[in-house]
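From a predicted model like this one, the values you see are computed outputs, not experimental measurements. Each chain gets a letter, A, B and so on, in the order the sequences are listed, and its residues count up from 1.
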There are 2 protein chains.
Amino acid sequence: MDTKAQASFQERALEQLTVDAAKIAQLIHVQMDNLTMPSCPLYEEVLDTQMFGLSREIEFATKLGLIEREQGKQILDSLEKKLSLLHDAYTDK
Amino acid sequence: MDTKAQASFQERALEQLTVDAAKIAQLIHVQMDNLTMPSCPLYEEVLDTQMFGLSREIEFATKLGLIEREQGKQILDSLEKKLSLLHDAYTDK
């Protein structure tokens with residue numbers, strides 16, 4: 001089996017997903033820093049859309065065997081937790 | 001270069017994208033067959049969402065070098081044309 005080329009695609013897949021997840025985390029971070037502003041429904045929609053896009057990328061990579069299902073789940077879970085914190089921060093305000 | 005393993009991921013990427021594009025084409029097809037029914041905004045939103053999801057998969061596969069940019073473009077263009085026909089069919093009704 002061509003372990004080297006496979007590893008290359010697999011490593012790049014995980015790298016790319018991590019980059020895309022970091023972009024969403026950054027969006028959440030910015031919103032957390034601006035909690036004094038009213039909750040913006042458009043912002044939430046953007047976050048939802050980005051989460052959906054990332055979940056599709058992860059599903060695709062998983063189906064191809066580029067990443068383990070568990071790796072994809074961890075990336076999404078970590079973002080879901082951040083989103084939940086953001087939501088709580090607005091609810092407690 | 002490990003052409004064999006690379007080809008494997010590349011072939012599977014294109015296959016998977018083709019399968020996902022076919023699902024959207026099927027959604028459009030079903031709607032075309034039901035033109036007598038009123039245009040359903042929810043249906044359009046589902047199609048938009050699915051198109052966005054597919055475009056993210058294609059972008060991801062392109063960035064990884066699993067498919068050529070042109071291949072991804074052709075898949076999306078083909079679906080856009082079908083969507084446009086569906087839209088025209090409603091407009092001309």
Taking side chain as everything from C-beta outward and backbone as N, CA, C, O, which of these in B/T49 sits under 4.5 Å from a heavy atom of chain A? Side chain, backbone, both or neither.
both

Contact winner vs chain A - B/E59, B/Q16, B/E15, heavy-atom pairs under 4.5 Å:
B/Q16

For a quick test of reading the model, state the closest non-hydrogen atom pair linking A/F9 to B/L64 and the distance between them.
CE2-O, 3.2 Å

Group every Ile, Leu, Val, Met, Phe, Trp and Tyr by side-chain heavy-atom contacts under 4.5 Å, then state whether B/I24 and B/V19 land in the same group.
no

Taking a hydrophobic cluster as the set of Ile, Leu, Val, Met, Phe, Trp and Tyr residues connected by side-chain heavy atoms closer than 4.5 Å, whether directly or through intermediates, do B/V46 and B/L76 fall within one such cluster?
yes

May I ask whether B/L54 and B/F52 are part of the same hydrophobic cluster, defined by side-chain heavy atoms of I, L, V, M, F, W, Y residues being less than 4.5 angstrom apart, directly or through others?
no

Step through the shown structure and confirm whether more than 12 heavy atoms of other residues, nucleotides or ligands are within 6.0 Å of CD on A/E70.
yes

Closest non-hydrogen atom pair, B/F60 against A/A61:
CE2-CB, 3.9 Å

With distance as the sole test, does A/R56 use its side chain to make a donor-acceptor pair with the main-chain N or O of B/E57 at under 3.5 Å?
no

